[in-house]
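See structure below.
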Amino acid sequence: MVISSTTDDYDQNLHCTFASRYVRTSLPRFKMPDKPIPKDAAYQIINDELMLDGNPRLNLASFVTTWMEPECDKLIMSSLNKNYVDMDEYPVTTELQNRCVNMIARLFHAPIGEDDTAVGVGTVGSSEAIMLAGLAFKRKWQEKRKSQGKTYHNPNIVTGSNVQVCWEKFARYFEVDLKVVNLTEDCYVMDPVKAVEMVDENTICVAAILGSTMTGEFEDVKLLNELLTKKNKETGWNTPIHVDAASGGFVAPFLYPDLEWDFRLPLVRSINVSGHKYGLVYAGVGWVVWRTKEDLPDDLVFHINYLGSDQPTFTLNFSKGSSQIIAQYYQFIRLGFEGYKDVMKNCNENVMVLKEGLEKTGRFNIISKDIGVPLLAFSLKDSSSYTVFHISESLRRFGWVIPAYTMPPDVQHVSVLRVVIREDFSHSLADRLIADIVRVVNEMEAARSTDNTRNANISTIKTRNTHEGEASEHSKREMQLGISKFWRRFVHGKKSSSVC
Ligand SMILES: *Cc1c(COP(=O)(O)O)cnc(C)c1O
């Protein structure tokens, strides 16, 4: 046997991964390394670094799916190398997308015949879907203004200030003014009366949210439709409604089938929904559907001729994976209406378990409503000595990722913790979470009473020795300063780390 003389071969062939030089030196982070490394070492190094990410299943900050059935995982893995945009080459995948659009449009009561093809498209998520819906409204409005010989350079959208950040993005990227209805102390969603008051001749649409990101609450689309219909009659503006049903679009039809929020309301012209939220698919799929063909201006649509038939496309990006579309179709046929209903019911039950558990502690105000997206938003009744931000931070040590954040302007003195309940969150996990929250809160209470005792002692000392007393006052101020720094970091951090 010839033993190789180079260190490289020696490392690669004989050493175990953890003794090899690849893991003994740190990898460059800014410049691509000059030389390759063995695949097992690359795998190990990256895998190990990723261990420091949180556990997605315990990430209760997000609506986005973290568990699917192994059979679906298999379908996803086997389609990883399929580019969705190659419709000619993968006609079946395109067909599955069209079936999903048809199913969603009908779930949302689009006024189409039994055999009619619905108008809609799969996207990377609701954000892309909202850009497309917004563009369609903007173009429709511009066409109308042009035909009337009026100016068409200052369009606006009316929303609540609780909108998800993607609406602000749409407004900025596509130069539309965002007119926001501010929230109030007793209403954490858009007030339809105020929204309709804000509508003017340049309003391209009013966007209502089915499932406010902050509290999960459904906005009153029916009342909005009613008030706007009246205003449209008076003004002749014909302002339409878009429903951002990113989180609630796959909840309401199953849990609250009688709630009218969708195409049953005549002014609702388009709806977006995130397939990767309660559509129960991993991150990377959203949908937008239009009421009729007329609601999607034809000059925004590109027509691709595939296999001799016309496939209209309307997206912002070109290439993307096929897996999520295939996975969405899997969920639709695997679960059916009844299956989705069961999943949503179970989520709701777990919200109730958590709600009751937290109410029992007597320390929290529940902010979220019983009807809405399955989540629990709650604030502290007394945050004089510790805050929801402290609780959020402390829960991290058990592995829980539960965001704390301040509400939008006007109610920003209210800060809440938000727990999103997804399909894979069980009753037992809910029990564990309650126990851990109680434990964290008890610890903080205990720390508070120790502090109080110490402060009481300090004031006794102070009467005896003024200097010592002043020093303690100083350290108390330092501590308060520390807390407010801690606050600012979180409040500030809230802007960049999205709560979606
Ligand atoms: C999550 C969310 C979005 C953004 O959706 P993505 O699918 O993550 O792009 C938009 N609006 C609301 C109300 C949301 O909850």
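Start at 1 and go down the list; that is how both ligands and their atoms are numbered. Just so you know, residue 1 is the first one in the sequence shown, and it goes up from there.
Distances below 4.0 Å separate heavy atoms of Gln164 from the following atoms of ligand 1: 2 (C), 3 (C), 4 (C), 10 (C), 11 (N), 12 (C), 14 (C). The distance from ligand 1 to the heavy atoms of Ile209 drops below 4.0 Å at these ligand atoms: 13 (C). Residue Thr213 has at least one heavy-atom neighbour below 4.0 Å for each of these atoms of ligand 1: 12 (C), 13 (C), 14 (C), 15 (O).
In this structure, Asn202 and Trp141 have side chains that are in contact, with non-hydrogen atoms separated by less than 4.5 Å.
Trp167 and Phe170 have perpendicular rings, their planes meeting at more than 60° on a 0 to 90° scale where under 30° would count as parallel. Using a 30° and 60° split on the angle between ring planes, Phe364 and Phe378 fall in the perpendicular class, above 60°.
Taking all heavy atoms of Val285, Val420, Asp244 into account, the minimum distance to atom 10 (C) of ligand 1 is reached by Asp244.
Checked by distance only, ligand 1 and Ser274 come closer than 3.5 Å through their nitrogen or oxygen atoms.
Both the backbone and the side chain of Ser127 come within 4.0 Å of ligand 1, counting heavy atoms alone. Within the 4.0 Å heavy-atom criterion, the part of Lys277 lying near ligand 1 is the side chain and not the backbone.
Atom CZ of Arg397 is surrounded by more than 12 heavy atoms from other residues, nucleotides or ligands within 6.0 Å.
No hydrogens or angles considered: nothing links the side chains of Asn232 and Thr229 as a donor-acceptor pair under 3.5 Å.
Residues Trp287 and Ala129 approach most closely at O-CB, 3.6 Å, considering heavy atoms.
The shortest heavy-atom distance from His276 to ligand 1 is under 4.0 Å. The shortest heavy-atom distance from Cys166 to ligand 1 is under 4.0 Å.
Stacking of Lys341 on the aromatic ring of Phe254 is not recorded, the 6.0 Å distance cut-off and the 45° axial limit not both being met.
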